[in-house]
Number of protein chains: 2
Amino acid sequence: MTVHEHGRYSTGVEDLPYRSVPEAAVGRLAVYLRVLTSMIEQGVTTMSSEVLAGAAGVNSATLRKDLSYVGSYGTRGVGYDTARLVEHIERLLGLTRHHSIAVVGIGNLGHALANYPGFPDRGFPVTALFDVDEDLIGVPVGGLPVDHVDSIPAICAEREVTIGVICTPVPAAQGVCDLLVAGGVRCILNFAPVVLQVPDDVEVRRVDLAVELQILSFHQVRRGNGIGPVVEPIDPIAVSR
Amino acid sequence: MTVHEHGRYSTGVEDLPYRSVPEAAVGRLAVYLRVLTSMIEQGVTTMSSEVLAGAAGVNSATLRKDLSYVGSYGTRGVGYDTARLVEHIERLLGLTRHHSIAVVGIGNLGHALANYPGFPDRGFPVTALFDVDEDLIGVPVGGLPVDHVDSIPAICAEREVTIGVICTPVPAAQGVCDLLVAGGVRCILNFAPVVLQVPDDVEVRRVDLAVELQILSFHQVRRGNGIGPVVEPIDPIAVSR
DNA sequence: GCGACTTTGTTCCTGCGTTCACAAGCGGCT
DNA sequence: AGCCGCTTGTGAACGCAGGAACAAAGTCGC
């Protein structure tokens, strides 16, 4: 949880100074990126911060500040050149680099993710699949054969996997995580509802579907909507967003 | 984005005063809940904030503050009674109420979610499935037949669906969302990578897998780890968490 | 029964993130 | 060419969340 100060990085092509980018802004930039590419497909070449913010569901001031982390690539009185903006956001997010992902745990969810078109479409090709089930080993899923989890370290290193996706049951998750780390994977997307223990240089993002539902449940009750036991809000609802 | 002040709500059984609960705390409480239920299964009856915080991956001070939103149910010098804590967190999160969820879009991901054991296990039974594909209508998935999306409003109202899960392709998402809202659904979990437009009284949570990957990509580049084009951090890496 | 130890609950404080508001800058119109 | 209006980019303020530190409180041992 350390806070680092200003820095810069070299792309190997040119040097660009970058400020410290807030975590929340990174997530929003990814959203802007998708809105922009969608707009470009529709032939839009220029967008104002107001319009882009509306499409992304954020405040226009927030959007402009986020874009200022990327650099000043807008034209006052006109807006942003969509193609140019996409290019710079992609560079900031590191999407100009080679990424490849491994999916571990080919159950229902793993199967779906192995076939998820959103991954390759956005520059994240799935290059390895793993499971413990002997019946699955060698079976092609989405055109890629499944390997045994024991071979995770070797195969991940060989295929230069940069992101590991864990879709195993809870008891297996930590072990699989350790294997991925042993294979040189430093980024992990975890769908198993456990908190993984990893070295400091490994980044884990957890997607917990049950937690998402429980948050929705909380808001519904606080709002007093819907069906079920009577809920009577006496004061304005006690929720800060 | 309005901020509401202190409030209280009636459970219909007893009145409990509750403070304003930060959004981030709600998410963590759901995590504590899972850790606690898992501990109870192992026979643990009492936990200190230090231990629970470690298992949930948060600071113990943060944990105690979060639990203070629930109420003061710990014993100084001892810790928290696990069963009692679970009960109160569940009530705060609204898990004592009846919830049922509808999954729309029975593709790979929708199929996986319809069979996801984590939903019923945590009190969120899947009670309706929808798709546009005529070949799927009537086919049972996880023991439940698929209905046509046109019947969303009627069936959701009839079965008292409280949460809608959208797994459709992007172009269909907004239309499906409108149908769910028409059917009285006020909570939506959206897996389609679009920002949905909804009335103020509807809560949407988006799970965007590509965005998660892009955030991981950003951190990896900023860290300078991994394979690919050379990345040279000159100053300490410019990332604030 | 009393003291010491443990752990909670809370207060204060620091720092980040978001929003407001405005000056600077650029294009279009006359 | 000059003015007008629109939009960006940023400086400042506000509000929230997280962490440290401490006082209150209850238990265990003697």
Side-chain angles (χ1 to χ4, degrees), chain A residues 1-6 17-29 31-32 36 44-82 84-85 88-89 215 238-241, chain B residues 1-6 17-29 31-32 36 44-82 84-85 88-89 215 238-241:
Chain A
M1 294 292 174
T2 323
V3 176
H4 300 282
E5 287 309 308
H6 297 293
Y18 284 126
R19 319 172 189 184
S20 163
V21 183
E23 183 70 21
V26 176
R28 287 192 298 265
L29 282 167
V31 175
Y32 307 153
L36 283 167
V44 178
T45 58
T46 293
M47 282 184 90
S48 74
S49 65
E50 204 70 47
V51 173
L52 182 50
V58 302
N59 184 300
S60 70
T62 301
L63 178 127
R64 286 200 300 277
K65 181 146 285 189
D66 288 345
L67 293 186
S68 77
Y69 298 128
V70 183
S72 299
Y73 300 112
T75 306
R76 294 169 195 235
V78 178
Y80 297 91
D81 181 289
T82 49
R84 193 183 160 95
L85 198 50
H88 284 98
I89 294 178
I215 293 172
V239 176
S240 45
R241 303 199 185 177
Chain B
M1 293 293 174
T2 321
V3 176
H4 301 282
E5 287 309 307
H6 296 293
Y18 281 128
R19 321 174 189 180
S20 162
V21 183
E23 182 70 20
V26 176
R28 285 192 299 265
L29 282 167
V31 174
Y32 306 153
L36 283 166
V44 178
T45 58
T46 292
M47 283 185 90
S48 74
S49 64
E50 205 69 47
V51 173
L52 182 49
V58 302
N59 185 297
S60 71
T62 301
L63 178 128
R64 287 199 299 278
K65 181 161 289 184
D66 289 344
L67 293 186
S68 77
Y69 298 127
V70 182
S72 298
Y73 300 111
T75 306
R76 295 171 192 232
V78 178
Y80 298 91
D81 181 289
T82 49
R84 191 182 161 95
L85 198 50
H88 288 282
I89 294 178
I215 293 172
V239 178
S240 44
R241 302 199 184 175

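In what follows, every chain begins at residue 1, and chains take the letters A, B, ... in the order their sequences are listed.
- Look at OH on A:Y73: it is 16 Å from P on C:dC26, rounded to the nearest Å.
- Counting any heavy atom pair closer than 4.0 Å across all strands shown, A:A24 reaches sugar-phosphate atoms only and no base atom.
- B:H88 pairs in a ring-ring contact (aromatic ring centres under 6.0 Å, His included) with only one of the listed residues (B:Y73, B:Y32, B:Y69), which is B:Y73.
- The separation between A:E23 atom CD and C:dC16 atom P is 14 Å, rounded to whole Å.
- Summarising the geometry, the separation between CD on B:E50 and C1' on D:dA20 is reported as 13 Å, rounded to the nearest angstrom.
- Checked by distance alone, A:K65 brings no side-chain donor or acceptor within 3.5 Å of a matching partner on the base of D:dT10.
- In this entry the distance linking CZ of A:R84 with C1' of D:dT8 reads 14 Å, nearest Å.
- The side chain of B:R64 lies closest to C:dT10, out of D:dG18, C:dT10, D:dA17.
- Here the side chains of B:L63 and B:R28 are not in contact, with every heavy-atom distance at 4.5 Å or above.
- Of the candidates D:dG19, D:dG9, C:dC20, D:dG9 carries the atom nearest the A:Y80 side chain, counting heavy atoms from C-beta on.
- The interatomic distance linking A:D66 (CG) with C:dT19 (C1') rounds to 12 Å, in whole Å.
- Residues B:S48 and A:A25 each lie close to DNA chain C; by heavy-atom proximity, the contact nearer the 5' end of the strand is made by B:S48.
- For the atom pair A:L85 CG and A:T46 OG1, the distance stands at 10.5 Å (nearest 0.5 Å).
- With D:dG18, C:dA23, D:dA25 as the choices, the nucleotide that has an atom nearest any side-chain atom of B:R76 turns out to be D:dA25.
- Mapping A:G77 and A:R28 onto DNA chain C by nearest heavy atom places A:R28 at the nucleotide closer to the 5' end.
- Side-chain nitrogen and oxygen atoms of B:S49 include none within less than 4.0 Å of the OP1 or OP2 phosphate oxygen of C:dT7.
- At C:dC26, none of the side-chain N or O atoms of A:T75 fall inside 4.0 Å of OP1 or OP2 (strictly under the cut-off).
- Atom CE of B:M47 and atom P of C:dT6 are 19 Å apart (whole Å).
- Taking every heavy atom of both residues into account, A:S60 and A:A53 meet most closely at CA-CB, 3.6 Å.
- The distance from atom CG of B:L67 to atom OH of B:Y80, rounded to the nearest 0.5 Å, is 4.5 Å.
- We find that OH of A:Y69 is positioned 14 Å from P of D:dG9, with the value rounded to whole Å.
- Under 4.0 angstrom from either OP1 or OP2 of C:dG17 there lies no side-chain N or O belonging to A:N59.
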